[in-house]
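Let me begin by presenting the structure, written as structure tokens, before commenting on it.
Keep in mind it's a predicted model, so treat the numbers as computed, not measured. Below, read A as the first sequence line, B as the second, and so on, with proteins coming before strands; counting in each chain starts at 1.
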Protein chains: 2
Amino acid sequence: MTTVEECSAAEQELPYNVFSRACPSRGTLEHVTGRWGALTLGALHEGSFRFNELRRRVDGVSEKMLSQTLHALERDGLVHREAQPTNPPRVDYELTPLGRAVTERLMSLIHFVEGRMDDVLAARERYDSARASR
Amino acid sequence: MTTVEECSAAEQELPYNVFSRACPSRGTLEHVTGRWGALTLGALHEGSFRFNELRRRVDGVSEKMLSQTLHALERDGLVHREAQPTNPPRVDYELTPLGRAVTERLMSLIHFVEGRMDDVLAARERYDSARASR
DNA sequence: CAGTATCCTCCAAGATACTG
DNA sequence: CAGTATCTTGGAGGATACTG
């Protein structure tokens, strides 16, 4: 039984507020934005994939972490798991409608960051050299 | 000297690709989407704040983690630190234009997740009860 | 106030081996 | 192929004390 802890932003009448420690939305946000969660959703944004296809797309993920990540996303209703009871087994993963909507916003963020990496790297050099000369 | 490792998506001619293990964009994405990075940017989206004001807004963050997070975001050029050399010291943090653009996309994601938490919680109950009955 | 310094704990995540 | 099980460890992150 999950009780929703007090986490509403009283003034604005928002039921869920990620800035509250106890709010379950913080957990879901972490599934979505966590290192492997974000990359897995990103991979699934391009279509439906089998377990090992996903592993190859998400460079560096281990079997364990991919499995764990997929379970969390499935539990949150963002990913659908389609298993054929054949031998050898075939399992396909794809985004649910909710997952697609979430991932759309995530990809907007990812693509924007990718597109501005030159600015980021320049800022880093400025920051580092300002520190080196002290 | 930072050399940009090979991380471009060759076909699409994108210079940076977060799905490559070695690409620096993956690091920046983690600063932005990490637990404390996301919440700190979210807090700064509402304006300029002092260190301890931020601490209070980001429920649960420790001094150490907030300090560390702000440094990373400042280094990436997303946050500007304005220090007055008074006594007692006064330091204000605010988003840079780049930080604001990134945070806009982040907030779109956060608000969407917050708004669909009822669906997420319902999905969890379905998932859990389907597992309990086996 | 705005942090840094230190110590310590615990768990996310990697490595490896195994299974239906 | 699509995972689970077990073991281990680096490092994220908390607690506490201290400083300009």
> Counting only side-chain N and O atoms of Ser62(B), is one of them less than 4.0 Å from OP1 or OP2 of dG13(D)?
Replying inline: no
> Just how far, in rounded Å, is C1' of dC11(C) from CD of Gln68(A)?
Replying inline: 11 Å
>> Can you identify which nucleotide, out of dT4(D), dA13(C), dG3(D), has its nearest atom closest to the Ser67(A) side chain?
In response: dT4(D)
> Taking DNA chain C as the partner, which of residues 50-58 of chain A come within under 4.0 angstrom of it by heavy atom?
Replying inline: none
>> In the structure I gave you, are the side-chain heavy atoms of Tyr93(B) and Val79(B) within less than 4.5 Å of one another anywhere?
In response: yes
> Counting just side-chain N and O atoms, does Tyr93(A) come under 4.0 Å of either OP1 or OP2 of dC1(D)?
Replying inline: no
>> Less than 4.0 angstrom between a side-chain N/O of His71(B) and OP1 or OP2 of dT4(C), yes or no?
In response: yes
>> One pair to check against salt bridge (Lys or Arg N to Asp or Glu O under 4.0 Å): Arg75(A) and Asp128(B). What are the steps and the verdict?
In response: CA-CA 8 Å; Arg75(A) 191 168 104 99; Asp128(B) 290 344; 2.4 Å; yes
>> For Thr28(B) and Arg124(A), which I'm curious about, is there any donor-acceptor pair between the side chains at under 3.5 Å?
In response: yes
>> Can you work out whether Val61(A) or Glu63(B) has the more 5'-proximal nearest nucleotide on DNA chain C?
In response: Glu63(B)
> Which is it for Glu82(B) and Arg90(B) under the salt bridge (Lys or Arg N to Asp or Glu O under 4.0 Å) test, yes or no, and what are the steps along the way?
Replying inline: CA-CA 8 Å; Glu82(B) 185 80 23; Arg90(B) 179 189 176 100; over 6 Å; no
> So, for Phe112(A) and Ala101(B), which heavy atoms are closest and what is the spacing to 0.1 Å?
Replying inline: CZ-CB, 3.3 Å
>> Please check: side-chain N/O of Ser20(B) versus main-chain N/O of Cys23(B), any donor-acceptor pairing under 3.5 Å?
In response: no
>> Measuring from the side chain of Lys64(B) (C-beta onward, heavy atoms only), which nucleotide among dT4(D), dG20(C), dG14(D) has the closest atom?
In response: dG14(D)
> If you measure from the Lys or Arg side-chain nitrogens to the Asp or Glu carboxylate oxygens, is any gap between Arg116(B) and Asp118(B) under 4.0 Å?
Replying inline: no
>> Within the structure provided, determine whether Leu98(B) and Asp76(B) are in side-chain contact (heavy-atom separation under 4.5 Å).
In response: no
> Looking at the side chain of Arg81(A), which of dG14(C), dA2(D), dG3(C) is the nearest nucleotide?
Replying inline: dA2(D)
> When Watson-Crick pairs (N1 to N3 and N6-O4 or O6-N4) and G-U wobble pairs (N1-O2 and O6-N3) count only below 3.5 Å on both distances, what is the dot-bracket string of DNA chain D, with | for other-strand pairs?
Replying inline: ||||||||||||||||||||
> Any idea which of dA17(C), dG13(D), dC1(D) is nearest the Pro89(A) side chain?
Replying inline: dC1(D)
> Roughly how far, to the nearest 0.5 Å, is the CG atom of Leu44(A) from the NE2 atom of His80(A)?
Replying inline: 12.0 Å
